[in-house]
Structure formats: C-alpha cells, structure tokens
Amino acid sequence: MNNWYNFFQKNTISTILYPYKQTDFSNPYNNSLLIYNFQHKEKSIDIYLSTSKDINLHDLELLCDAVGWVRRPFRKVKIAIEYSFLTVSLFCIQKNNQKQLIGFARATSDYAFNATIWDVVIHPEFQGKGLGKILMYKMIQYLRSADIITITLFSDPEVLSFYKSIGFIIDPDGVKGMFWYPR
Ligand SMILES: CC(C)(COP(=O)(O)OP(=O)(O)OC[C@H]1O[C@@H](n2cnc3c(N)ncnc32)[C@H](O)[C@@H]1OP(=O)(O)O)[C@@H](O)C(=O)NCCC(=O)NCCS
C-alpha cells in the first residue's frame, strides 16, 4: 500500500481516499476523485485532483493571494505552467457547482534525471488536514512513474518541517542551493 494512503487512513478515519494508478500523466486523469467525504467546516465534501495544465489563472492567483504570496504577472505564470513538466491541482465543487482551487504544485524537469518542485500551496481553510502531504506524495508518485531519480525543492525556512515530514532531507554532503538575482 502506498505511504500516502497509509498516512491518510491513519489520520482521517472518516475520509475515503481513492488511490488510482496512472503511469502516463501526459494523458491526464482530469478531475479524478481523490478524497470522498472530506470533513470541512462540519460538512462532507469531495476533493478532486487534476494534472491538466488548463488552469484558471485567476483562481490560482486567488489561492496564492490567500497565503500572502507576492503577485506575479499572469503572462509569466501562464508560460511557467505551460513549460512545467507536471502540475497538480486539488479542487472541490462548491454548492453553485463552481470549482474551488484549494491546492496546487508544479514541477520543472530535464525529463530524464531531475525535477524541481515549485509553488506548493494549500488554501488556509484546508491546511493542517493532511492535504499538503497528499499533494506532495502525488507529485512524487507521478515524478517517480516518469523515472525521475532526483527530486529537489527550495523550502522557505518556516516550512522545513513540512518537507522533512514527507522525507525530504537537507543535502547530506552539504550542497547549498545558490541564487543569482539581477541587481
Ligand atoms: C506548507 C503547506 C503546503 C502545508 O500544507 P498542509 O495541508 O497544511 O500540510 P499537512 O496538513 O499535510 O501537514 C503535513 C505535516 O507538515 C507539518 N506542517 C504543515 N504545515 C506546516 C508549516 N507551515 N510549518 C511547519 N510544519 C508544517 C504538519 O504539522 C504535518 O506534520 P505531521 O505529518 O507530523 O502531522 C501549507 O501550509 C501552505 O500552503 N502554506 C503556505 C504556502 C507555503 O508556505 N508553501 C511552501 C513554500 S516553500
């Protein structure tokens, strides 16, 4: 059984998680039911997963706004998504049948050895319920199914323990991420 499945079984007994096998994510299972009966604000809701890059940029901006991220130009976000190797979106359906984007992450890759995960976010109203962990496990699952060996990311200092809880480690050989910024 997958780790993330075990994790969820352990942590949210009333929730049913629907694992599914997907080896070719270039042909995505869009809008797959991920969690049935997720308890949210004393209601049961269903949570869906999509690997489609057809993402409503306004919805993504609202999600990023909700966690206080600095806004980025739509034009650039659109290009970043288009050229990402993988995007994973989590959403639920509101009463008015509107989709609400509640989680997102994407990865860039050289398509052979390495992938880097970016823009990991869960809407504040849905945080602390295991969704961030599931989102990350799904990212890892898809990247491993594409035979990507090394998965890296840049962690904000305050979320180090989140990534550590998923199995990410600070490089044991002391390799440091380095940055060049225009001055
Ligand atoms: C970081 C984030 C994606 C985590 O999502 P989440 O759904 O709240 O996380 P989960 O409920 O799956 O938590 C998984 C584990 O990480 C820990 N964790 C979650 N958020 C954390 C945080 N902000 N800081 C430290 N640990 C955190 C939890 O305690 C939990 O530990 P456990 O498995 O021992 O119980 C979410 O808080 C978020 O979107 N934050 C704002 C955006 C952000 O900072 N993104 C990362 C940029 S590098």
Item checked: By side chain to side chain contact (heavy atoms under 4.5 Å, CB included) - contacts of Asp54 (at least two apart) -> Ser52
Check: Hey, what do you get for CD1 (Ile148) to CD1 (Ile140), rounding to the nearest 0.5 Å?
Finding: 13.0 Å
Checklist line | Asp119: salt bridge (Lys or Arg N to Asp or Glu O under 4.0 Å) partners, not counting sequence neighbours | finding: Arg72, Arg106
Check: Can you tell me how far the CG atom of Leu90 sits from the CG atom of Leu101, to the nearest 0.5 Å?
Finding: 8.0 Å
Next item on the list: Could you walk me through whether Ile117 and Met136 pass the side chain to side chain contact (heavy atoms under 4.5 Å, CB included) test, one step at a time?
Entry: CA-CA 9 Å; Ile117 295 177; Met136 289 299 295; 3.8 Å; yes
Next item on the list: Any chance you could measure Leu34, atom CG, to Cys92, atom SG, to the nearest 0.5 Å?
Entry: 12.0 Å
Note to self: Checking Gln98 against Ile93 for the side chain to side chain contact (heavy atoms under 4.5 Å, CB included) test, could you report, in this order, the C-alpha distance in whole Å, the side-chain angles of both residues, the deciding distance, and whether it holds?
What the structure shows: CA-CA 6 Å; Gln98 288 288 318; Ile93 307 289; over 6 Å; no
Check: Can you list the residues that meet the side chain to side chain donor-acceptor pair (under 3.5 Å) rule with Lys41, with sequence neighbours excluded?
Finding: Glu125
Next item on the list: Consider only side-chain heavy atoms of I, L, V, M, F, W and Y, link residues closer than 4.5 Å, and tell whether Leu49 and Leu143 are in one cluster.
Entry: yes
Notebook entry, point to check: Is Leu63 linked to Val88 within one hydrophobic cluster, defined over Ile, Leu, Val, Met, Phe, Trp and Tyr using a side-chain heavy-atom separation of less than 4.5 Å?
Noted result: no
Determine all donor-acceptor pairs shorter than 3.5 Å in which one atom belongs to a side chain in residues 174-183; sequence neighbours excluded.
none

Checklist line | From Ile122 atom CD1 to Leu131 atom CG, the distance as rounded to the nearest 0.5 Å | finding: 5.0 Å
Checklist line | Under the side chain to side chain donor-acceptor pair (under 3.5 Å) test, residues paired with Gln127 that sit two or more places apart | finding: none
Check: Hey, quick one: are Ile134 and Met139 part of the same hydrophobic cluster, counting side-chain heavy atoms closer than 4.5 Å, chains of contacts allowed?
Finding: yes
Checklist line | Residue pairs, two or more places apart or on separate chains, that pass side chain to side chain donor-acceptor pair (under 3.5 Å) and touch residues 151-162 | finding: Thr116-Thr152
Check: In the hydrophobic cluster built from side-chain contacts under 4.5 Å, what are the other members alongside Tyr83?
Finding: Ile79
Note to self: Assigning hydrophobic clusters by single linkage (Ile, Leu, Val, Met, Phe, Trp, Tyr; side-chain heavy-atom cutoff under 4.5 Å), is Val67 placed with Leu62?
What the structure shows: no
Check: Quick one: side chain to side chain contact (heavy atoms under 4.5 Å, CB included) partners of Ile170, sequence neighbours excluded?
Finding: Leu160, Lys164
Notebook entry, point to check: Could you state the interatomic distance from CD1 (Ile102) to CD1 (Ile47), rounded to the nearest 0.5 Å?
Noted result: 4.0 Å
Notebook entry, point to check: Atom OG1 in Thr108, atom CG in Leu86: separation rounded to 0.5 Å?
Noted result: 10.5 Å
Margin query: Enumerate the ring-ring contact (aromatic ring centres under 6.0 Å, His included) contacts for residues 105-132, please, sequence neighbours excluded, ordered by first and then second residue.
Written below: His40-Phe126, Phe85-Tyr111, Trp118-Phe154
Next item on the list: Report whether Ile166 and Val121 are members of the same hydrophobic cluster (ILVMFWY, side-chain heavy atoms less than 4.5 Å apart, transitive linking).
Entry: no
Margin query: Run Leu153 and Val120 through side chain to side chain contact (heavy atoms under 4.5 Å, CB included) and show every step you take.
Written below: CA-CA 10 Å; Leu153 54 79; Val120 179; 5.6 Å; no
Note to self: I'd like to know if the side chain of Ser109 reaches the main chain of Asn114, judged simply by a donor and an acceptor atom lying under 3.5 Å from each other, with no hydrogens or angles considered.
What the structure shows: yes
Margin query: Considering only residues two or more places apart or on different chains, which pairs with a residue in residues 45-71 satisfy ring-ring contact (aromatic ring centres under 6.0 Å, His included)?
Written below: Tyr48-Phe91
Item checked: Of all pairs that satisfy salt bridge (charged side-chain N to carboxylate O under 4.0 Å, His left out), the ones with a partner from residues 57-67, not counting sequence neighbours -> Glu61-Arg71, Asp65-Arg71
Next item on the list: Using the test side chain to side chain donor-acceptor pair (under 3.5 Å), find all partners of Asp46 that sit at least two apart in sequence or belong to another chain.
Entry: none
